[in-house]
Amino acid sequence: MTEQNVAVPDPAEDLPEQMRVRRSKRDRMLAEGVSPYPVTVPRTATLKQVREQYADLPMDAATGDHVSITGRVIFVRNGGKLCFVTLRDGDGTELQAMLSLAKVGEPSLTDWKQLADLGDLISVTGEVITSRRGELSVLADSWAMSAKALRPLPVAHKPLSEETRVRQRYVDLIVRPQARDTVRTRATVVRSLRESLFRRNYLEVETPMLQLLHGGAAARPFVTHSNALDTDLYLRIAPELFLKRAVVGGIDRVFEINRNFRNEGMDSTHSPEFAMLEAYEAYADYNVMQRQVREWIQEAAIAVAGSHIVTHYDGTELDLSGEWTSVTLYGSLSAALGEEVTPSTDIAQLLRYAEKHDLSVDPKWGPGKLVEELFEHLVQHTLQAPTFVRDYPEETAPLTRAHRETPGLTEKWDLYVSGFELATAYSELVDPVVQRERLVAQSLLAAGGDPEAMQLDEDFLRAMEYGMPPTGGMGMGIDRLLMALTGLGIRETILFPLVRPE
RNA sequence: GCGCCGCUGGCUCAACUGGUAGAGCAACGGACUCUUAAUCCGUGGGUUCGGGGUUCGAAUCCCCGGCGGCGCACCA
């Protein structure tokens, strides 16, 4: 404390020039008794309302109508006695305001030039007119600061760097119309999905995100700790086991749209927290779910694009209309290999195919896992149009019912669009004895050090022992649906994606 | 987690084989009553991601670390 260099630094001292300038403008307003952040400012119309009401005004017209508008200053052209400012509203609507010496008077015009900056939120009161060039404008009688911006806006006509867009989404939203569109599109899609499910008499529920055991998928969980229970808890990797408990209890059509958390790699198609729709329907199977999922996605396409054909941001079209292709896992792999592969193809033969196609292999993999890996290596990226891939090996689907016709297979499909997996569905396994066998095997894997294997959930098995109806279940990544509909990467579909600390 | 590439004024970028760090926009001062990526004159603004090393001299070369992008692995 006695050292001279420990003096508390003035927070304004070290700031970049432009931020010091804006802070001093704020200080000047306060000194003059004008709040840079008033609790309220005049506002009688949104920019959009003015634009709509006066859409057909001729050039150089006066209306005699006076309004108060608000908006963010995004562009300024100051002259000696006449200033132009372009304001923008949250919905993207822009409107010009004009401040003339004759109307606002000298002190107010000087204040405007000295105190207002790009990025400020302001209010302008005046007459609705068009300029001599025909631009719809509000000719100010007065103006007021609504909120002084202390940081400069990034330059308008250069794209923001990827990193700034994600780290400072609020800036991205201010300067990039597409960022705002994406937020609206996502809300539209989620609402459409809810409405699609409500129409079919599904009930929306919320199940635990903090779980004592993690299950319902194969993934590494995040771990946290409960002080009250003095025990570790897991952030859920899937809601599946709880939604099935609901089905056991007689909630025959049930769904949840909520976040899952998986402690795994981040890339253009994976986020540690991601939104998921899971839906279960008693007395349905994977065929019923296949039809419904297609309908829900098509209804979402109508909601955002007005058509089953959606246009991505890069201009390419994705056709989601019609019935969609349906293939089997083994059939599509056989076609890609040019060799017949079936559930009884032995592992040595599969390993030869893997080697031939430069697929690196984990010795722990069984034949089922190998077939899936070969599929992902050889077929997945070719599935651009929506395609259902059906009938997966039992080995990789511990919660799925055995196929009604083919031994060794299960009634599961994955839906691929644009080369990535968008949704999955099962005819759910409901035999508590078989389910226990499968889960015990998983637990043994867990004990063997496989952190992705499920833990044995005795309560879930107890629920199933009370009798679960034959059920069709599905899960779909909401973020991925947005990706399919817009062509964006996953971090653009999430408003505030996780980023490393700065 | 591994590999490759990148990080320079507020923003977007330049600076050859190592030789005084620049531009546009933004900011500041001035001119301008119809502009709209306004125009004209003038001015200021940098710990070149951080730390260490090599060198007479480092944005540039080397090492360590941070962050980002891409690819691979894992996963949806």
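Just so it is clear: chains get the letters A, B, ... in the order the sequence lines come, proteins before strands, and each one is counted from 1. Because the structure is a prediction, the values reported are computed rather than measured.
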**Student:** Mind calculating the distance between CD (A:E373) and C1' (B:C72) to the nearest angstrom?
**Tutor:**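 Value for this atom pair: 13 Å.
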
**Student:** Using both distances under 3.5 Å as the test, list the Watson-Crick or G-U wobble partner of B:G6, or none.
**Tutor:**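 Looking at the geometry, B:G6 pairs with B:C67.
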
**Student:** By the 4.0 Å heavy-atom rule, please label A:S137 as base, sugar-phosphate, or nothing.
**Tutor:**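 No contact.
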
**Student:** Need one value for A:M276: base, sugar-phosphate or nothing, where a base atom within 4.0 Å counts as base even if backbone is also close, heavy atoms only.
**Tutor:**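 The residue A:M276 makes no contact with any strand.
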
**Student:** Within the stacking criterion (centroid distance below 5.5 Å, interplanar angle below 30°), does A:F274 stack on B:A76?
**Tutor:**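 Here A:F274 meets both the 5.5 Å and the 30° conditions.
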
**Student:** Please work out if A:K103 contacts a base, only the sugar-phosphate, or nothing of the nucleic acid, heavy-atom cut-off 4.0 Å.
**Tutor:**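 Answer is nothing: A:K103 stays at 4.0 Å or more from every strand.
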
**Student:** Contact class for A:G79 vs. all strands (heavy atom < 4.0 Å): base, sugar-phosphate, or nothing?
**Tutor:**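 Contact class for A:G79: base.
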
**Student:** Within the 4.0 Å heavy-atom criterion, would you say A:A102 contacts the bases, only the backbone, or no part of the nucleic acid?
**Tutor:**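 Here A:A102 touches the bases of the nucleic acid.
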
**Student:** With a non-hydrogen cut-off below 4.0 angstrom, is A:Q18 in contact with a base, only sugar-phosphate, or nothing?
**Tutor:**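 Contact class for A:Q18: base.
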
**Student:** Quick one: look up who B:A15 pairs with, Watson-Crick or G-U, both distances under 3.5 Å, and put none if it's unpaired.
**Tutor:**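 Across all strands, not a single nucleotide pairs with B:A15.
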
**Student:** So, under a plain 3.5 Å distance rule, would you say the side chain of A:E17 forms a donor-acceptor pair with the base of B:G45?
**Tutor:**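 In this structure, the two groups form no donor-acceptor pair.
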
**Student:** With heavy atoms under 4.0 Å as the rule, sort A:R165 into base, sugar-phosphate or nothing.
**Tutor:**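 No contact at all - A:R165 keeps every heavy atom at 4.0 Å or more from the nucleic acid.
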
**Student:** Just to be sure I understand the rule, does A:T86 reach a base, reach only the sugar-phosphate, or reach nothing, if contact means heavy atoms closer than 4.0 Å?
**Tutor:**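 Touches nothing.
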
